[in-house]
Amino acid sequence: MGNTSIRIRLTIWYGGGLALIMLLFATSLYLVMSRALQDQIDNSLEDAAVAAARSLEEHRFGPFLLLDDLAQAFPELALLDKFFHIYGPQGQITLQSANISTRNVPLSDTAMKAALQGQATYESVRLHGQVPLRLLAYPIKHGDTLVNILRVGSSLRPVEKMLDRLIFVLQIGSPLAVLVSMFGGWFLAGRALRPVDTITHAAQRIAAGDLTQRIHTTSADEIGRLASTFNDMIARLESSIRQIRQFSADASHELRTPLTIIKGETELSLRKERTPEVYREVLESNLEEIDRMSRIVDELLFLSRADLGEIKIAKEPVQLDQLVQEIQHQALVLGKDRNIEAVLVHLEPTEVVGDEWRLRELLLNIVDNAVKYSQDNGTIEITLEHNNGMAKLSIQDHGIGMTTNEQTMIFDRFFRTDSARAHAQKGTGLGLAICKWIVETHQGTIEVDSTPGHGSRFTISLPLHSQA
Ligand code: ADP
């Protein structure tokens, strides 16, 4: 319906606009033409009058002018389409051309008065049942005295005929042109709007649940751009929905594992009477799993609140070098059991703007991973320097590392590499997702560079306070 009505509206607007233009065009054409034709007649009347006046002067204003002489000297006077009268100074006829009999039009008062004042007058006359005429009354003076009034006349019929023909052509041609162009407009609007139909149908199929649908377009015009924007939107939607499904599946799986362990161990221990030590062991193991579950739930809650924009981030100056020093101490504590060393290779005094608590959480997570995925007796190198207005913190370990493909996924929720699962039981796969969120809310970036079996380097860049 929308499509059809746009088409109709376009056609009506188009046709209406064109009709208006045609009307204006036809009217001006008619006016210009009639004006030009009348000017033409007036000019030829004037030429004839001037010629006749000259001839009259040559005849020295004798009372009996000879038409034949006049016609001989000025053949244009004898042309059939013109006739003339010569009036005396009181308005009495003294001479008239032969073709005058049916054109007996008296000299008007206006023309007489104007002639007395030495002025020529043009008049159009239409007497009932007679041919329409154009008349020029032309005074002939000798010194200051009015000697004769020469009136030259011509039929307006050829002009009227021509104008009638013009009107006829315009009357038929204009509506025809409007009709043809409206038809063309209708056709073109239909063609232009056809892709909209395609988009609508695709949208309907998508609305029915098929997110794999895409609109096929090859054009790069407005509609083509709309279609590709639409396709992008659906692709994003599809990927978000896939992520959400994956996320729910992963979350249930991660929560299910500890639950299964708790259930299994509890059932097993309840099968027969056990010593208090065995119960204690079971309870301790269960507590560990419960801790793990509550950590997952806490981290999930954090991420979903972050997604909803509910987490406020402070914007205060933070002495990053101090923070890094504290984190290095924590790394030493974390790595003590496995004899993992954490060293500060370089530490530049650095101030950034942000939330100290969140930044501490971020660094702790990265350092905790570095310790967790290091080999026993390994070393972790920490460097803090400045680069292009950014604080650049890198944490290098020499642990299990990861493949290039894995590096692209470690910031996804619940993603853990197989080697990480084999190496360290603990871990939720949510830590780096939280890290990424913290870095990005501080207008920074986090990157990883890693080689399987050789170690990983995480590089965090944050704008320096002076730049922020
Ligand atoms: P986890 O709780 O499993 O450590 P994270 O989100 O912190 O979850 O990390 C996601 C995954 O990224 C880890 O499971 C591991 O596979 C990989 N990873 C993170 N840090 C390192 C590292 N320093 N060395 C090797 N792999 C790492």
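As the structure lists them, so they are numbered: ligands from 1, and atoms in each ligand from 1.
- At a heavy-atom cutoff of 4.0 Å, ligand 1 is contacted by the backbone of L430 but not by its side chain.
- Taking 4.5 Å as the limit, some side-chain heavy atom of E381 sits within range of a side-chain heavy atom of H398.
- If you number the atoms of ligand 1 from 1 as listed, the ones under 4.0 Å from a heavy atom of I410 come out as 10 (C), 12 (O), 17 (C).
- Between Y373 and H423, the ring planes are tilted. Angles from 30° to 60° get that label.
- At a 4.0 Å cut-off, at least one heavy atom of S456 sits close enough to ligand 1 to count as contact.
- When hydrogens are left out, the protein atom nearest atom 19 (C) of ligand 1 is N369 ND2, 3.5 Å; that is the closest non-hydrogen contact.
- In this structure, the separation between CD on Q322 and CG on L347 is 9.5 Å, given to the nearest 0.5 Å.
- Of the listed residues (T417, D397, V367), the one carrying the non-hydrogen atom nearest atom 16 (O) of ligand 1 is T417.
- Closest approach of A235 and R214 over heavy atoms only: CA-NH2, 3.3 Å.
- At a 4.0 Å heavy-atom cut-off, ligand 1 touches R416 through backbone and side chain alike.
- Side chain of H454 to backbone of S450: no donor-acceptor contact under 3.5 angstrom is found.
- With ligand atoms numbered from 1 in the order given, ligand 1 contributes 5 (P), 6 (O), 7 (O), 9 (O), 10 (C), 12 (O), 19 (C) to contacts under 4.0 Å with heavy atoms of L432.
- The only member of R295, R292, R413, E299 that meets side-chain hydrogen bond (donor to acceptor under 3.5 Å, both in side chains) when paired with T428 is E299.
- Of all the heavy atoms in D321 and E348, the pair that sits closest is CB-O, 3.6 Å.
- Annotation: the span from M293 atom CE to I296 atom CD1 amounts to 8.0 Å, rounded to 0.5 Å.
- Residue K372 approaches ligand 1 through these ligand atoms, each under 4.0 Å from one of its heavy atoms: 1 (P), 2 (O), 4 (O).
- Of all protein heavy atoms, the one closest to atom 2 (O) of ligand 1 is T428 N, 2.8 Å.
- When F458, F415, F414 are ranked by how near their heavy atoms come to atom 11 (C) of ligand 1, first place goes to F415.
- Of the N or O atoms in I400, none lie within a sub-3.5 Å distance of an N or O in ligand 1.
- The aromatic rings of F414 and F247 sit tilted, their planes meeting at an angle between 30° and 60°.
- Protein heavy atom closest to atom 26 (N) of ligand 1, with residue, atom name and distance, is M402 CE, 3.6 Å.
- Scanning all protein heavy atoms for the shortest distance to atom 13 (C) of ligand 1 gives Y373 OH, 3.5 Å.
- Contact annotation: for F411 versus ligand 1, there are no heavy atoms closer than 4.0 Å.
- Y30 has its side chain out of reach of M33: every pair of non-hydrogen atoms, C-beta onward, lies at least 4.5 Å apart.
- In summary, the atoms of ligand 1 found under 4.0 Å from a heavy atom of A420, numbered by their order in the structure, are 14 (O), 15 (C), 16 (O).
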